[in-house]
2 protein chains.
Amino acid sequence: MNVRTLCLGTLNFGDATGYEIKKMVEEGMFNHFIEASYGSIYPALTRMADDDLVTCREEAQEGKPDKKVYSITAKGRSELASALQGTPKPDKFKSEFLFVMLLADILPADHIAAVYGQRIEDLRIELAQMKSCADTGSHPGGQFVVGYGIAIIEAAIGYLEESRIGITTDRTTETETAGTVATAAE
Amino acid sequence: MNVRTLCLGTLNFGDATGYEIKKMVEEGMFNHFIEASYGSIYPALTRMADDDLVTCREEAQEGKPDKKVYSITAKGRSELASALQGTPKPDKFKSEFLFVMLLADILPADHIAAVYGQRIEDLRIELAQMKSCADTGSHPGGQFVVGYGIAIIEAAIGYLEESRIGITTDRTTETETAGTVATAAE
DNA sequence: TTGAGTATATATCAGATCTATATATCCCGC
DNA sequence: GCGGGATATATAGATCTGATATATACTCAA
């Protein structure tokens, strides 16, 4: 899926500026499973206005820069629907954390332990955010998506906690000792 | 993390060609949480050879194209370790599926139902692959990473199955009817 | 048997996308 | 009163993906 489709999808929920679209994928409804940068959003909106998929009205603001508020057109809506037909591509998951864990034996054990602990903490914060998000009602599809996110994060936290004993420090006194990751079963 | 670090990480497990590195992220040990294309791997290897982070030996093959087998150097190993110090960036997750679910109300209900069913099936296949991967021992870090993947996929399948009743078709006889996604709780 | 499709293997280019930076104003806290 | 964050748009450069090209061999079905 490209930025164009993404922008059309967000505009389907109401008019927005490029800035607001970015906030929606960063903090709002689309958070945690969609990403896009200003560097792709702004040019996409400009081009889509040329193609009549969206309209743009400029709103002057005092003290703040002018806003360009975009609205999806009928043509844009049909483009969106057509882009969404067919089977969606498989989810993409990228994890530097798992990459580090796979290479744990070339890194200091205390670093691995710190990273591991930090990760659990970060996931707990993310979970709390999602749960507070679920409270604020939003709309049914949003409930479903937030629920999905909560299920995943909870599973990740659960796994990391039960595997924690697998993160071992070998021979505590050696300085050059490297960390080792092993499953709890071992 | 960039392709260079990724390549160094794979080469840390043994010499490999660009083709083999791609297979490692597509089907092998790094599967499901790392991605890279030939278009980035090959140039990265060439440049890293110039920078003495890897060495390259060419192996002529009969019937097949020549191989360029890369090995990580001491300098490469220290570059890798240095790239891996510090806190790894948060995981990235991208899901067209969830995007579609969020926009379910503008799409035909039967399409949503089909996509939903297909997704459960795809996840089951992925889970089976991962479990067979876990059997083949590999190395301790690999066990941990595969276990993480299994935990996540199982959670996703569980959530989709228990929320299935939330996927409703309103007013079955209407043709223009759109699908609606709701949580099981509703 | 022949042709399509898959696997091995490297390489490159166009296009899409990200990162970082620039510009401008205002509000908040210290 | 000054740095930092929020609001808001924009762009250049670096990076990466996706598609395509090249070349050979093997397998499977028509």
Side-chain angles (χ1 to χ4, degrees), chain A residues 1-11 15-28 30 33-51 54 56-70 83 89-94 96 99, chain B residues 1-11 15-28 30 33-51 54 56-70 83 89-94 96 99:
Chain A
M1 197 188 42
N2 55 20
V3 215
R4 284 164 74 94
T5 307
L6 158 60
C7 289
L8 290 173
T10 63
L11 292 176
D15 299 351
T17 65
Y19 186 79
E20 283 162 354
I21 291 174
K22 172 72 173 159
K23 291 298 152 202
M24 282 170 91
V25 304
E26 217 171 62
E27 305 160 16
F30 296 83
F33 65 95
I34 290 288
E35 282 180 52
S37 65
Y38 290 124
S40 61
I41 291 169
Y42 284 120
L45 288 171
T46 306
R47 268 195 54 202
M48 289 202 293
D50 293 340
D51 298 347
V54 299
C56 173
R57 64 171 191 279
E58 283 188 64
E59 279 182 18
Q61 296 192 120
E62 278 180 59
K64 292 174 194 173
D66 289 359
K67 266 186 184 180
K68 288 189 178 177
V69 182
Y70 292 89
K89 278 184 238 148
D91 293 349
K92 281 185 188 178
F93 176 66
K94 287 197 188 187
E96 276 191 29
F99 187 78
Chain B
M1 196 187 42
N2 56 18
V3 217
R4 284 165 74 95
T5 308
L6 158 58
C7 289
L8 290 173
T10 64
L11 291 177
D15 298 353
T17 65
Y19 185 79
E20 285 162 353
I21 291 174
K22 172 71 172 159
K23 293 297 154 202
M24 282 169 91
V25 305
E26 217 170 63
E27 306 159 15
F30 296 83
F33 65 95
I34 289 288
E35 282 180 54
S37 65
Y38 290 124
S40 62
I41 291 170
Y42 284 119
L45 288 172
T46 306
R47 266 195 55 203
M48 289 201 294
D50 292 341
D51 297 347
V54 298
C56 172
R57 65 170 189 279
E58 283 189 62
E59 278 181 19
Q61 296 191 121
E62 278 180 58
K64 292 175 193 171
D66 290 359
K67 267 186 182 178
K68 288 189 180 177
V69 183
Y70 292 89
K89 279 182 237 152
D91 294 349
K92 281 183 188 179
F93 176 66
K94 288 196 187 189
E96 276 192 27
F99 187 78

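Residue numbers start from 1 in every chain, and the chains themselves are labelled A, B, ... in the order their sequence lines are given, proteins ahead of strands.
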Give every pair of a protein N or O atom and an N or O atom of nucleotides 14-17 of chain D that lie under 3.5 Å apart, one pair per line with the distance.
residue : atom : partner  : partner atom : Å
dC16(D) : OP1  : Val3(B)  : N            : 3.3
dT17(D) : OP2  : Ser37(B) : N            : 3.1
dT17(D) : OP2  : Ser37(B) : OG           : 3.1
dT17(D) : OP2  : Ser40(B) : OG           : 3.0

Specify the separation, in whole Å, of atom NZ of Lys23(B) and atom P of dA9(C). 10 Å
At under 4.0 Å, does any side-chain N or O of Gln61(B) touch on OP1 or OP2 of dA9(C)? yes
Over all atoms of both residues, closest heavy-atom pair of Phe93(A) and Asp91(B): CZ-OD2, 3.5 Å
I need the full list of side chain to side chain donor-acceptor pair (under 3.5 Å) pairs touching residues 1-10 of chain A, with sequence neighbours left out, sorted by first then second residue. Asn2(A)-Thr5(A), Arg4(A)-Asp51(A)
Minimal heavy-atom distance between Ala16(B) and Leu11(B), with the atoms involved, is N-CD2, 3.6 Å
Can you measure Lys22(A) atom NZ to dT19(C) atom C1' for me and round it to whole angstrom units? 10 Å
Report yes if a side-chain nitrogen or oxygen of Thr17(A) is closer than 4.0 Å to either non-bridging phosphate oxygen (OP1 or OP2) of dT9(D); otherwise report no. yes
Between Gln61(B) and Asp66(B), what is the shortest heavy-atom contact and its length? N-OD1, 3.7 Å
Spacing of Tyr42(A) atom OH relative to dA8(D) atom P, expressed in whole Å: 9 Å
Give me the atom names and distance for the closest heavy-atom approach of Cys56(A) to Lys68(A). SG-CB, 3.8 Å
Which is it for Lys94(A) and Glu96(A) under the salt bridge (Lys or Arg N to Asp or Glu O under 4.0 Å) test, yes or no, and what are the steps along the way? CA-CA 7 Å; Lys94(A) 287 197 188 187; Glu96(A) 276 191 29; over 6 Å; no
Between P of dC18(C) and CD of Glu26(A), the distance in whole Å: 12 Å
Check residues 37-50 of chain B and write down every donor-acceptor pair under 3.5 Å in which the side-chain atom is one partner and the other belongs to a residue at least two apart or another chain.
residue  : atom : partner  : partner atom : Å
Ser40(B) : OG   : Ser37(B) : O            : 3.0
Tyr42(B) : OH   : Tyr19(B) : N            : 3.4
Thr46(B) : OG1  : Tyr42(B) : O            : 3.0

Between OH of Tyr19(A) and C1' of dC26(C) the distance, given in whole Å, is 12 Å
How close or far is atom P of dA11(C) from atom CG of Leu45(B), stated in whole angstroms? 9 Å
Tell me which of Lys68(B) and Lys89(B) sits closer to the 5' end of DNA chain C, going by the nucleotide each one is nearest to. Lys68(B)
Spacing between Lys67(B) atom NZ and dA11(C) atom C1', to the nearest angstrom: 18 Å
Between Glu20(A) (CD) and dT9(D) (C1'), how many Å, whole number? 13 Å
